[in-house]
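Worksheet for the structure shown next.
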Amino acid sequence: MLPRTARQLETTLLSSRQSLPRPARLYSSPSKKLNAPATATAHLPRTDFPAFFPPPQNVVHDQDSAASSSSHLLEDFLTRKIPYTILPTPLPSDVPLNDRERWFTDSATQDQAAVMDACLHNLYDVPRAKLIFDRLRTKKGSAILHVSMYNLVMESYLAMAEKDAQQTAYWVEELWKLYTDMENGNEQMSPSAGTFALMLQAWHKYNPTSSNPVRSKLALHPIQLLENMLNKQISVVDVVADRTIASSDLASTVLMSLSQAAINLDRVAIVTELSRAQAIAAGEESTTDDEVTPVLRHKALSPEEIEQGVEFPAEIPFNIKLLRNHLAHIAYARRVLPDDIGARQKHLETSVYEIARERMKEEYEHFETLGINTENRLKDSTLQSWMWQWHQDLRTRLESEIKLIAAFEAKMLNRHDQSTQLLSPYLALVKADRLSYITILELMRLQGSGGVNHGMKTTRALIAIGKAVEMEYKAQMCRTNDIAIPTMTGHSTNFFSALGYSNLQKRRMAAARHMQDGESWTTPWSQAVRSKIGGILVECLMDVAYVRRQREDQVTGKSETEDQPAFYHAYEYVRGTKLGILKLNPAVAERLSTDRLRETIHPRHLPMLVAPKPWMHIRQGGYLYNKTSVMRFKESIEQETYLQKAIDDGKMELVLAGLDVLGSTPWRINKNVYDVVLRVWNSGERMGKIPPAVYDQPAPEIPENYEKDLQARSVHLQRQRSYTQAKANNHSERCNVNYKIEIARAFLHDKLYMPHNLDFRGRAYPIPPHLSHIGDDLCRGLLLFADPKPLGERGLWWLKIHLANLYGYDKASFQERADWVMERLDDIADSATNPLDGRRWWTKGDDPWQVLATCMELHAALQSEDPHSYMSTLPVHQDGTCNGLQHYAALGGDAVGAKQVNLAAGDRPSDVYTYVGRLVDQQIEADAANGVEMAKLLQGKITRKVVKQTVMTTVYGVTFVGAREQIEKQLKDRHDIPDELCWTAASYLAKKVLTCIGDTFTGAKHIQNWLNLCARLISKTIAPDRFIDAIAAPKKKRGRPAVAMSRFKKEQMTSVVWTTPLQLPIVQPYRKHARKQVMTAVQSVFISDPSSPAEVNSLKQASAFPPNFIHSLDATHMMLTALECHSRGLTFASVHDSYWTHASTIDSMAEVIRDTFILLHSSDVLGKLHQEFKERFKGFKLPLIHLQNKGGNLVKMLSESGVRIVATPEQAKSLESIAAIVEVSETGSSAIGEQPIGSEGEPISDQVFLEELDEEDDSIDEWEGQRKKAAAANIAREAKATRELLGKFVDVVDLLPPLPEKGTFSVQEIKSSPYFFS
Amino acid sequence: MSPQSPWLVPYWRNIKIFRRPRQSRGLLEPRRSFVGVAEAKVQNPKTKLSTPIYEVEGYESSRGRELPPIDQWRKYFPYEKETSTRISLRNPDTTDALANALVPEGSQGKIIIESDPGPGQLTRSLLKLPRERIKKLIILEPNDLYLQYIKPLQAIDDRIMVYEQSGYEWGVYNKLEDAGELDDVLKVPWTSGVHPQLSFITHIPTTVLGEQLISQLFRGIPDKQWLFQYGRVPLCFIMSSRMWKRLDAPMGGTQRCKVGVMGAATSEITELLPFEATQPFKDHFHPVPYAKYAPVPSKHPDTRRVGNPYQVVLTVPREFQAIQPGNLDYWDYCLRKMFVQKATPLKISINSLGPGAATLLKKLTDHDLPPSEQVDIRKSPNGLNVHEWSLVVKAFVEWPFAPEDLSIDTIFSNTNEHR
DNA sequence: TAACTACCTATTGATATAAGTAATAGAGAATAC
DNA sequence: CTATTCTCTACCGACAATATCAATAGGTAGTGA
């Protein structure tokens, strides 16, 4: 029978995984030639690759001096004043658009620009693009306008002139017009090298003596153009080498005419420069000095290039590529990624879809040869073969659909104005063939996300697909542009010296500029457009993709089949609101946890085969062609704008260099562990956190009285639901593991690299989502460093300790841990040699897969002749013990706390959790003695485990409710407390635990409060340049307080912003984004417009600031450590507060960790933050009314932290509700400014709001008088306190509490604490 | 732990769990889930009658037994979070009329369960009816203050049984049975007309819970759960007009909704008193909201706000049930999914039922069937009558590839992550 | 040609939806107008 | 400018409610001055 055969085949495929061809094939095309360059890699000298950083041995010899001097430099670096990035606060949404556009483009404009971009691409619809462009460029000074946009438009005009013979004159004329406008300043946009390259081409093609003359009054002769260029100090060579000059012939012509012009102008230097360029392009002059061999001339052409008819460089006298390459070498300071080395990665990135297609097709045809006829194809084939089928159908469908859409839109455009939103230009950017793959692959990838079983939320899917299309378009552009890729941004033996820094900066900026010049302009799509595009694609897919399902009727035994959509759309209700979801047909979902998946993974989600492209700019770095952002932005353009500015200003060098260091660590797959994983996987059994193939728990039974008893029914339903959920979880876990195995297999014989980027606090994350060292135990167990280092005596010792740590034996002293391991050598050997058939000791450890990997490493080392010279690749970890609290303790100088988190030395590690547990226990004892029932119940039951999570999460600002929940869960797990009492007990305990933590980390507590208060105040302020407009805004209702209050709410636009010691500006993204419904083909989708301004969410701003600040600090520590480790030649990787290196280099890393931590915390971090707030938020006004809240808590807290504001005696009288923080001035000076709300008075000068204005009292009276007259009786009813507060403002800087006092602990002690990181 | 004021205990806790504050129990003492009648009689009310804020002349002596003058209710039943959304009939004329309508002349030996009566105006009207009409009146009331006006009635009239629990707890009905309270209720076959003895009355609060209760009770009918195991028991709801509008919404109208179809499928639903008989709200009900900031003719009359119109509705289970026993989940599923796009023709909206659900269209339009067994698929879900719905559900049930898991949602609750 | 109206359609805003809110303290924001 | 209800509750990685209908805005076409 057929089904049986298929099943057998499937198992065969599964079990034979190991013997499948090596994965290199996965990424190579069928042609063998391509592999050749890749294998050549091995022969390259080590120094050349990875060439990003100098080889360690160069540094080693002066390591000591470097280390000691670097420590001074680092100290200087950290203690200097941090340069801030300052941008204006966003304006509220009711401010007219024009005023807002300089920094933050709104999405309507964004959409226009994106449509224009699409219309220009391949000259899809240049006339339309021109219409849009002409509209856009009226917005002078808007952030969206950029010279490269102008250049692209002009390039298209020029191309149109050529393409459309009827209109040549028109386009040429428009081109010159635009140029003239740029030159004469009308556009406020200065021409660039690219502009001149275009104009020279225009001249060349259409000058009066050319074969196709176009008369234009505005046309300029090259002489004039050259003059203009020189005026703007634009390099002629840049012009000649510009991207827009398509052929060497053309470039040569341009060069000649420029030379001629230069001769005419008698500019000898220019003539020389040009002739040298010519020599380079002709290959007559070595492009570089001896160190680097000129790459291009000797490079063999790739098969593709031969196919595309690229000519051999040597055969033509003028090769523009040579010149461009030369320029790249200069820009990148000679560190250019050789083509052959990048080839596989490039191929991987650019040909994903082709590769996927080949594989699916292969699979499909394979089934064909097995004689499975088309009739059963839908039912019996594999996932790949299905996908191939869907793809065929979808592609055809899309081709016709896109035509329909284009026709429809054209009709609409005729009927209506231009304002109709267009989609067809976007759809034309990427071929239907690829659109089809993108759609299918993205849906497969997102399966199981968002908590949806076998599916996903529609919104996420549509946006993701839209975005994938956009990415594909941009990746294609990258490929077309084919800019040389740098392998470094420059390096320095010391990152922290002024010289080292400015070197980094110079080099990175040159490289970034080179990259930018080489790329044509493009612009991101708005979320709405993405979801609409996604909607169209998904709708079509659902319409054409089918699978055949078969089932047997349970009664008749008759088998039934039905063709069903492979993907379908449905709605669910979540607490009464609808939620649209896309789901996979169950038949498809089943395959995802069994079939092979590699076709479904985009390289954008895989590790890389070469070291990542160094980060040069906000979207420039990481993968070679796929653009990724250096920071993961929340829906906040503010964050993006700040970062952009900081990078432009050259402040981000160390952060970017840090990311490059993290990305440069080569990894490989642990083959031995992989083999074990695979065996477990294929066995389908549950082990080491790998879920079973078939969920192994029994379903709940239906109770007898289910039919009659409403209560029994609801209980059963609940059980049923949690069972279903557990089962679904099992399935999705299984899918996840499948992904990991698949990726591991693909990279089994390769070095791999993890490109990193940042979250908004500056923490670094590897980009590949499935398999990276940040992943779970399984991922980590599968990864090894690629480069081995000899263990040495210490290394061996550390390896043992590492094993003990992973197993869970981490509370003892180092030596005890090492001894513990020695006592278990037998088990270890058994685990290493006989992982599955032996005693399986490793599976009982905390992190079984890593334990296994370590067992294998240790065993191998011990078995080797000389364990000390064993070449080890296993990463060994040093973890901060409760890192957040460590930072808090260091900031606050908490002696007790410092001891508990091992900042202070001890002979064995302290454990905060145990400590807090004991404290709580003591209090309980006391309570029990006093007869408190609950205490008696809980006596002796407070283990470390009960309090652990709560202690950990206090750093994140856990509240009572959260703590209670955690503790309740733990208590329930113990099973020795009656279930119904757990909740009450948890309430009781939560209070105790929170108090105990507060008592232990008093300094931390104060700092947390201080941070929280600052954020609370800042997020309620109004920026100085907005202030006057803000209070004058509500004119209609003559100072009705309600209006004023809501006005203040609307004017709350200030996010908390600060700068880390590495100069990274951090913007908290929490705002109250308004969301709108957007219609798509599938359903309407509810999304926010990130570019529309929104008030801050001050609650979130305040509660998230303390953890975010601490995280920005630990991120800084990590980056400093990474940079320093790199300088010292150590391999380094990190998972936030867990730092990894080779076993042999743990000692040096430990030293670095301590040095950087001490220096960081010796640099008065908080003082600097305070100072920054004072400067950054200078003049920001806080309406006093915001200080009032229920119970006067805020005022109380402010008062307790020592805040006092100065007020005149009169003012003081009216300020009773905030009396606790008012200080009456004798001199009559006041920090409180007053301004009646909404009055249409004359503009108010700043001084009114500042202190020391004698006349101020008069002015108050005057205002009051006016108001009384104007206002009717109802205003008189206003409550006194509020009226008094409403019109009053204070500078937020005056309200910021002084820093809490620091405790006695000195961070220097950390130097001698062995268990600080362990 | 600071002793919590019982007033601060949220409403639902009293409904779901046990009324007494936790502190009143010893730590390990088992929960007392039920206060029996006898016990309640003996036991003095835990809370003493508190001194009223304003004395009403001559009233104090009869307080509890009698209700305060109806214009004084706000003072005797001040704002309390627990009861703030519980709407109770206050006007004795209205309750008299209602009592008469519910237990009309000629009724005999009725057993009435009155759940959540509030202060008990309606209870009193029922007791005032000629004695032979009502045999037993079971009161389910959890609120201490209200109980102070309910329990004294037991001394006057032995037909009353008071249970200090809300009728919203399913458990209480098991208690009633266990206590033999319903022993003398006949099990009347579904085909033998409306139940002659048993009736159920409740005030529905203006909360989600109230609305839930109504839809839950409808859902109990097809499988003859709850009181329906005794037969076609009539239910009387004092409910918001907002809810009534939903139940009463005409086919094809924009108001037509899932609960409306479920109601129509299971019961005959009528206004027991005309709408006007209970208007305006402030003349008939308690509590009347503080007028200054929440004026009673509200801007949004269709919200759950206290003060919006209330009325009296009677539902009687139908003899013929469109929902076959055991098919409830299918109905639920189909209605829920289809009403998402309630104004979209079946032809399209049917897809909400699952992958490939479009094949059901063939069945619904099968020309071999008599026209009465076909459904016009150009109609939209809000335009279908109960019969048409039963055809849709039938097609769904018979569909071999119908989704198997019809449970409420497949979305994981994202509450229990973190390792 | 400017002005006006009737008519039509695209956009915007408001509203309802599900249904045991598992257990629930306390602050702060929002809402009622 | 008070009473009451609603919301939220641990940071980050990792983000999301939607169909329907009435009302309004905005545009077109037609018309007669």
Side-chain angles (χ1 to χ4, degrees), chain A residues 416-417 449-450 457-460 463 527 571 573-580 632 634-635 710 714 718 759-761 763 765 769 774 884 952-966 968 980 982-984 986-987 1041-1042 1045 1049 1073 1075-1077 1083-1088 1098-1099 1103-1104 1106-1108 1110-1111 1136 1189-1191 1193 1277-1283 1286, chain B residues 4 8-10 12-13 15-17 79 81 84 168 170 207-209 211-216 246 254-255 257-259 289-290 292-295 298-300 302 305 336 339-344 408 418:
Chain A
H416 296 286
D417 184 35
S449 72
K457 296 183 181 170
T458 312
T459 310
R460 180 136 145 75
I463 291 176
Q527 293 289 71
Y571 298 94
Y573 280 100
V574 179
R575 282 193 52 182
T577 56
K578 294 161 189 145
L579 180 69
R632 304 171 186 213
K634 300 287 216 171
E635 46 187 340
L710 284 175
S714 83
Q718 198 137 14
D759 71 10
F760 75 89
R761 289 103 32 101
R763 277 188 161 195
Y765 297 79
I774 214 171
M952 249 167 28
T953 52
T954 40
V955 186
Y956 308 135
V958 78
T959 58
F960 170 74
V961 174
R964 184 183 58 197
E965 219 159 70
Q966 299 162 357
E968 186 189 12
E980 62 273 18
C982 278
W983 194 85
T984 336
S987 297
M1045 273 304 275
K1049 288 264 153 67
H1073 280 288
R1075 282 181 301 191
K1076 287 192 299 193
Q1077 273 176 269
Q1083 59 165 70
S1084 86
V1085 138
F1086 197 51
I1087 49 178
S1088 70
S1098 63
L1099 203 66
S1103 71
N1108 283 342
I1110 294 299
H1111 283 323
H1136 305 320
N1189 68 345
K1190 222 183 218 172
N1193 239 342
R1277 285 200 268 108
E1278 289 166 10
K1280 191 171 170 240
T1282 306
R1283 190 181 61 216
L1286 247 185
Chain B
Q4 305 154 326
L8 293 178
V9 177
W12 62 80
R13 183 163 135 210
I15 290 179
K16 302 219 36 121
I17 305 293
Y79 178 88
K81 186 155 191 186
S84 63
Y168 293 16
W170 300 132
T207 57
V208 277
L209 254 101
E211 294 172 15
Q212 262 169 35
L213 184 82
I214 292 171
S215 84
Q216 291 259 330
R246 290 210 279 155
T254 56
Q255 293 260 26
C257 61
K258 181 177 169 239
V259 71
Y290 184 44
K292 189 175 169 194
Y293 295 104
S298 160
K299 252 194 176 174
H300 308 282
D302 276 352
R305 237 175 50 99
R336 191 173 66 232
F339 261 105
V340 173
Q341 291 165 294
K342 64 173 165 186
T344 307
I408 308 304
H418 265 292

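Naming: A, B, ... by sequence-line order, numbering from 1 per chain. Because only heavy atoms are used, hydrogens play no part in the values below, and waters and symmetry mates are left out as well, while side chains stay in.
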> If the P atom of D:dC8 is compared with that of D:dC12, how far apart are they to the nearest Å?
Replying inline: 15 Å
> Between C:dA2 and D:dG32, how far is it from one C1' atom to the other, in whole Å?
Replying inline: 12 Å
> OP1, OP2 of C:dA19 versus side-chain N and O of B:Lys258: anything below 4.0 Å?
Replying inline: yes
>> Rounded to whole Å, how long is the line connecting atom NE2 of A:His1111 with atom C1' of D:dG13?
In response: 11 Å
>> Apply side-chain contact (heavy atoms from CB on, under 4.5 Å) to residues A:Val1085 and A:Gln1077 and explain how you reach the verdict.
In response: CA-CA 5 Å; A:Val1085 138; A:Gln1077 273 176 269; over 6 Å; no
>> Given C:dG20, C:dT17, D:dT9, identify the nucleotide with an atom nearest to the side chain of B:Tyr168.
In response: C:dG20
> Would you say B:Lys342's side chain and B:Gln255's backbone share a donor-acceptor pair under 3.5 angstrom?
Replying inline: no
> Relative to the ring of A:Tyr765, is the ring of A:His1136 parallel (under 30°), tilted (30 to 60°) or perpendicular (over 60°)?
Replying inline: perpendicular
>> Can you identify which nucleotide, out of C:dG20, C:dA19, C:dT24, has its nearest atom closest to the A:Trp983 side chain?
In response: C:dT24
> NZ of A:Lys457 versus C1' of D:dC15: gap in Å, rounded?
Replying inline: 8 Å
>> Please determine whether a side-chain nitrogen or oxygen atom of A:Arg575 lies at a distance below 4.0 Å from atom OP1 or OP2 of D:dA17.
In response: no
> Under the 3.5 angstrom rule, does the side chain of A:Thr458 hit a backbone N or O of A:Gly580 as a donor-acceptor pair?
Replying inline: yes
> Over how many whole Å does the gap from A:Arg1075 atom CZ to C:dA14 atom P extend?
Replying inline: 17 Å
> Using atom C1' of each nucleotide, how far apart are D:dT7 and C:dT24 to the nearest Å?
Replying inline: 14 Å
> Given the P atoms of C:dC33 and C:dA14, what is the spacing between them in whole Å?
Replying inline: 15 Å
> Does A:Tyr573 offer a backbone N or O that forms a donor-acceptor pair with the side chain of A:Thr577 under 3.5 Å?
Replying inline: no
> Which nucleotide sits closest to the side chain of B:Arg246: C:dG20, D:dC11, C:dA18?
Replying inline: C:dA18
>> Check this one for me: any side-chain N or O of A:Gln1083 less than 4.0 Å away from OP1 or OP2 of D:dT18?
In response: yes
Pairs: protein N or O with nucleotides 23-26 of chain D N or O, under 3.5 Å:
none

>> For A:Thr577 and A:Thr953, find the nucleotide of DNA chain D closest to each by heavy atoms; which residue's nucleotide sits nearer the 5' end?
In response: A:Thr953
>> Taking the minimum atom-to-atom distance to the side chain of A:Glu968, which one of D:dA19, C:dA19, C:dA23 wins?
In response: C:dA23
> Which part of the nucleic acid, if any, lies within contact of B:Lys342, taking any heavy atom under 4.0 Å across all strands shown: a base, the sugar-phosphate backbone alone, or nothing?
Replying inline: sugar-phosphate
>> Assess the residue pair B:Tyr168 and B:Gln212 against the criterion (side-chain contact (heavy atoms from CB on, under 4.5 Å)); give the C-alpha distance rounded to whole Å, side-chain angles, the decisive distance to 0.1 Å, and a yes or no.
In response: CA-CA 10 Å; B:Tyr168 293 16; B:Gln212 262 169 35; over 6 Å; no
> CZ of A:Phe760 versus P of D:dC15: gap in Å, rounded?
Replying inline: 11 Å
>> For a quick check of understanding: with a heavy-atom distance under 4.0 Å over all strands, which category does B:Gln341 fall into, base, sugar-phosphate or nothing?
In response: sugar-phosphate
> Heavy atoms under 4.0 Å, any strand shown: does B:Gln216 hit a base, just sugar-phosphate, or nothing?
Replying inline: sugar-phosphate
>> If I take atom OH in residue A:Tyr765 and atom P in nucleotide D:dC11, what distance separates them, rounded to the nearest angstrom?
In response: 13 Å
> Does A:Thr959 make a side-chain N or O approach to OP1 or OP2 of D:dA10 shorter than 4.0 Å?
Replying inline: yes
>> Whether A:Tyr571 contacts D:dA19 is assessed here as follows: a side-chain N or O lying under 4.0 Å from the phosphate OP1 or OP2. Is that the case?
In response: yes
>> Reading DNA chain D from 5' onward, which residue's closest nucleotide shows up sooner: B:Ser84 or A:Pro1107?
In response: B:Ser84
>> Quiz question: going by heavy-atom distance under 3.5 Å, is there a donor-acceptor pair between the base of D:dA19 and the side chain of A:Gln1077?
In response: yes
>> Considering every strand and a 4.0 Å limit on heavy-atom distances, what is the contact class for B:Thr254: base, sugar-phosphate, or nothing?
In response: sugar-phosphate
> Are any of A:Thr459's side-chain N or O atoms less than 4.0 Å away from OP1 or OP2 of D:dT18?
Replying inline: yes
> Counting side-chain heavy atoms from C-beta on, which of C:dA19, D:dG13, D:dA17 comes nearest to A:Arg632?
Replying inline: D:dG13
>> Please report the distance, rounded to the nearest Å, between NE2 in A:His1136 and P in D:dA14.
In response: 10 Å
> For A:Phe760, which residues count as a ring pair (Phe, Tyr, Trp, His ring centres under 6.0 Å) partner, sequence neighbours excluded?
Replying inline: none
>> Rounded to whole Å, how long is the line connecting atom CZ of B:Phe339 with atom P of C:dA18?
In response: 8 Å
>> Applying side-chain contact (heavy atoms from CB on, under 4.5 Å) to A:Met952 and A:Val958, what does each step give before you reach the verdict?
In response: CA-CA 9 Å; A:Met952 249 167 28; A:Val958 78; over 6 Å; no
> Looking for any heavy atom pair under 4.0 Å, which part of the strands does A:Cys982 touch: base, sugar-phosphate only, or nothing?
Replying inline: nothing
> P atom, C:dT1 versus D:dG26: distance in rounded Å?
Replying inline: 26 Å
> Do B:Glu211 and B:Arg246 come within less than 4.5 Å of each other through their side chains, counting heavy atoms only?
Replying inline: yes
> Which value, in whole Å, describes the distance between the P atoms of nucleotides D:dA33 and C:dT5?
Replying inline: 14 Å
>> Test side-chain contact (heavy atoms from CB on, under 4.5 Å) on A:Tyr956 and A:His1111; report intermediate values, then the result.
In response: CA-CA 10 Å; A:Tyr956 308 135; A:His1111 283 323; 3.2 Å; yes
>> Heavy atoms from C-beta onward define the side chain here; which of D:dC12, C:dG20, D:dA10 lies closest to that of A:Asp759?
In response: D:dC12
> Of the candidate nucleotides C:dA23, C:dT24, D:dC11, which contains the atom at the shortest distance from the side chain of A:Arg964?
Replying inline: C:dT24
> So does A:Gln966 reach the base of D:dA10 with its side chain, donor to acceptor, closer than 3.5 Å?
Replying inline: yes
> Given atom CG of A:Leu1099 and atom C1' of C:dA27, what is their separation to the nearest angstrom?
Replying inline: 9 Å
> Within the pair B:Thr344 and D:dT20, is there a side-chain N or O less than 4.0 Å away from OP1 or OP2?
Replying inline: yes
> Would one find a side-chain N or O of A:Lys634 under 4.0 angstrom from OP1 or OP2 of D:dC15?
Replying inline: yes
> NA contact type, A:Ile463, heavy-atom cut-off 4.0 Å: base, sugar-phosphate, or nothing?
Replying inline: base
> Within less than 4.0 Å of OP1 or OP2 of D:dC11, is there a side-chain N or O belonging to A:Arg763?
Replying inline: no
> Is there a side-chain contact between A:Gln527 and A:Ile463, using heavy atoms and a 4.5 Å cut-off?
Replying inline: yes
> On a whole-Å scale, what distance lies between the C1' atoms belonging to D:dC11 and C:dA23?
Replying inline: 25 Å
> A:Ser1084 side chain N/O closer than 4.0 Å to the phosphate oxygens (OP1, OP2) of D:dA19?
Replying inline: yes
> For DNA chain C, which ranges pair as stems of 3 or more consecutive Watson-Crick or G-U pairs, with both donor-acceptor distances under 3.5 Å?
Replying inline: C:3-17 with D:17-31, C:25-32 with D:2-9
> Checking all strands, does A:Val955 fall into the base, sugar-phosphate, or nothing category for heavy-atom contacts under 4.0 angstrom?
Replying inline: nothing
>> Quick check for you: among C:dA18, D:dT9, D:dA10, whose closest atom lies nearest to any side-chain atom of A:Val961?
In response: D:dT9
